[in-house]
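Here is the structure we will look at, set down as structure tokens.
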Amino acid sequence: QVQLVESGGGLVQAGGSLRLSCAASGRTVSTYVMGWFRQAPGKEREFVARISRGGAMPYYSDSVEGRFTISRDNAKNTVYLQMNSLKPEDTAVYYCAAKFQLTAKSWDYWGQGTQVTVSS
């Protein structure tokens, strides 16, 4: 069992940057593949990025590739999402997630989310 708590969201102007953090407790985050998702008002939750246990093989959705960077610090039990060149369409609640298997379709644990609002 692992608990995930996101932080770092807020209001930023278009073109700005934010860094989200996901702090894990209960079990070491190195046990899990970690990911970020987001859900905009009236839309389904969508995949943003994920990173393997050791930090290799980051993978991004097309909509954020080249602007967002996922990273992890297993010693701090924390995963990050650096978001640059933010656009109004990035406005959403951002969720951290964890799963055991890289190839699994479903994610095992979710955080409560942090709001990101990008103004034009």
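Considering all non-hydrogen atoms of both residues, L4 and C96 come closest at CD1-O, 3.8 Å. The two residues M34 and I70 have their closest heavy-atom pair at O-CD1, 4.0 Å. Here the shortest heavy-atom pairing between S17 and N84 reads OG-OD1, 2.9 Å. Here the shortest heavy-atom pairing between N74 and R72 reads OD1-NE, 2.9 Å. The nearest pair of heavy atoms linking R38 to A92 is CB-CB, 3.8 Å.
Looking only at side-chain heavy atoms (C-beta outward), Y94 and M83 come within less than 4.5 Å of each other. When side chains are defined from C-beta on, L20 does not count as touching E6, because their heavy atoms never get closer than 4.5 Å. Counting only heavy atoms from C-beta outward, the side chains of Q82 and S71 never approach each other to under 4.5 Å. Within the 4.5 Å cutoff, the side chain of L102 has heavy atoms near those of the M57 side chain.
N77 places a side-chain N or O within 3.5 Å of a backbone atom of A24 that can act as its donor or acceptor partner. Between the side chain of K99 and the backbone N or O of A104, at least one donor-acceptor pair lies under 3.5 Å. The closest donor-acceptor contact from the side chain of Q39 to the backbone of V93 lies at 3.5 Å or more, if one exists at all. Under a 3.5 Å cut-off, the side chain of T114 and the backbone N or O of G9 do form a donor-acceptor pair.
A cation-pi contact, defined as under 6.0 Å to the ring centre and within 45° of the axis, links R19 to Y80. Within the cation-pi definition used here (under 6.0 Å to the ring centroid, within 45° of the axis), R45 qualifies as a partner of W110.
With hydrophobic clusters built from ILVMFWY side chains whose heavy atoms lie under 4.5 angstrom apart, Y109 does not share a cluster with W107. Under the 4.5 Å side-chain heavy-atom criterion for ILVMFWY residues, a single connected hydrophobic cluster contains both V64 and L86. Hydrophobic clustering of Ile, Leu, Val, Met, Phe, Trp and Tyr side chains at less than 4.5 Å, counting indirect connections, unites F68 with V118. Hydrophobic clustering, with ILVMFWY side chains joined whenever heavy atoms are under 4.5 angstrom apart, groups V2 together with V29. Residue V33 is not grouped with residue W36 when hydrophobic side chains (ILVMFWY) are merged at heavy-atom distances under 4.5 angstrom, including chains of intermediate members.
In this structure, S7 OG and Q112 CD are separated by 13.5 Å, a value rounded to the nearest 0.5 Å. Within the model, atoms CZ of R67 and OG of S85 stand 7.0 Å from one another, a figure rounded to the nearest 0.5 Å. To the nearest 0.5 Å, atoms CG (L81) and SG (C22) are separated by 10.5 Å.
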Q: Any chance you could lay out the side chain to side chain contact (heavy atoms under 4.5 Å, CB included) test for T91 and V116, step after step, and finish with the verdict?
A: CA-CA 5 Å; T91 294; V116 171; 5.9 Å; no

Q. What do the steps show when you test Q115 against T117 for side chain to side chain contact (heavy atoms under 4.5 Å, CB included), and what is the final call?
A. CA-CA 6 Å; Q115 176 71 47; T117 303; 3.4 Å; yes

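Side-chain contact check for R50 and Y59: no donor-acceptor pair (N or O, by modelled atom type) lies under 3.5 Å. Under the 3.5 Å distance criterion, with hydrogens and angles disregarded, no donor-acceptor pair is assigned to the side chains of D73 and T78.
With ring centers used as reference points, F37 lies 6.0 Å or more from Y95. Note: Y60 and F47 fail the aromatic proximity criterion, with ring centroids not under 6.0 Å apart.
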